[in-house]
**Student:** 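Could you have a look at this structure, given as structure tokens, before my questions?
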Amino acid sequence: MDPRDNAILGRVDVDRELTYLRAGDEPPWERPHRDGIDITNRPDLQTPYQRHRRAEYVSRVEGYRERGLV
């Protein structure tokens, strides 16, 4: 989950994200991987970018829950 070409950190498709969350799942692009293995629960293996992005995602989800969106 390293930055893609032309990726803009901070730009989020909220509608698409909420669709996944309301279905009881996480958007796959918000789950960091390394060598094809999900390392979401292993911050020690994540790059600084992955940790930063995951922290922003978790913060957004908390905000959605506080506002009653999920």
Side-chain angles (χ1 to χ4, degrees):
M1 188 166 90
D2 289 321
R4 297 176 313 278
D5 292 336
N6 301 318
I8 300 171
L9 192 61
R11 187 173 78 186
V12 177
D13 184 345
V14 174
D15 293 332
R16 193 167 177 203
E17 198 166 70
L18 286 171
T19 299
Y20 273 91
L21 293 170
R22 289 173 179 155
D25 203 3
E26 289 187 335
W29 59 88
E30 294 297 355
R31 297 192 61 87
H33 288 74
R34 175 183 255 177
D35 298 326
I37 298 171
D38 186 334
I39 58 170
T40 302
N41 297 321
R42 296 286 313 268
D44 57 311
L45 296 177
Q46 297 173 13
T47 65
Y49 173 81
Q50 289 173 320
R51 281 192 300 275
H52 177 75
R53 182 159 173 138
R54 183 67 186 178
E56 285 184 342
Y57 168 73
V58 169
S59 177
R60 283 194 310 274
V61 171
E62 288 174 4
Y64 297 150
R65 289 195 172 116
E66 287 174 2
R67 293 182 301 195
L69 299 174
V70 284

**Student:** Rounded to the nearest 0.5 Å, what separates atom CZ in R60 from atom CD in E17?
**Tutor:**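 It is 4.0 Å, given to the nearest 0.5 Å.
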**Student:** Look at the side chain of E30 and the backbone N and O of E56, then say whether any donor-acceptor pair between them is shorter than 3.5 Å.
**Tutor:** no
**Student:** Quick check against the 3.5 Å criterion: does R34 have a side-chain atom that pairs as donor or acceptor with the backbone of T47?
**Tutor:**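 Judged by distance alone, no pair lies under 3.5 Å.
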**Student:** Under a 4.5 Å side-chain heavy-atom rule over Ile, Leu, Val, Met, Phe, Trp and Tyr, are V58 and V14 clustered together?
**Tutor:** yes
**Student:** Under 3.5 Å, which donor-acceptor pairs do the side chains of residues 38-45 form with other protein atoms, sequence neighbours left out?
**Tutor:**
| from | atom 1 | to | atom 2 | distance (Å) |
| --- | --- | --- | --- | --- |
| D38 | OD1 | T40 | N | 2.8 |
| D38 | OD1 | T40 | OG1 | 2.5 |
| D38 | OD2 | R31 | NE | 2.8 |
| D38 | OD2 | R31 | NH2 | 3.0 |
| R42 | NE | D44 | OD1 | 3.2 |
| R42 | NH2 | D44 | OD2 | 2.8 |

**Student:** Determine whether more than 12 heavy atoms belonging to other residues, nucleotides or ligands lie under 6.0 Å from atom CZ of R22.
**Tutor:** yes
**Student:** Report the C-alpha separation of Y20 and W29 in whole Å, then their side-chain angles, then the decisive distance to 0.1 Å, and conclude whether the ring pair (Phe, Tyr, Trp, His ring centres under 6.0 Å) test is met.
**Tutor:** CA-CA 11 Å; Y20 273 91; W29 59 88; 5.2 Å; yes
**Student:** Between the side chain of S59 and the main-chain N/O of A55, is any donor-acceptor distance below 3.5 Å?
**Tutor:** no
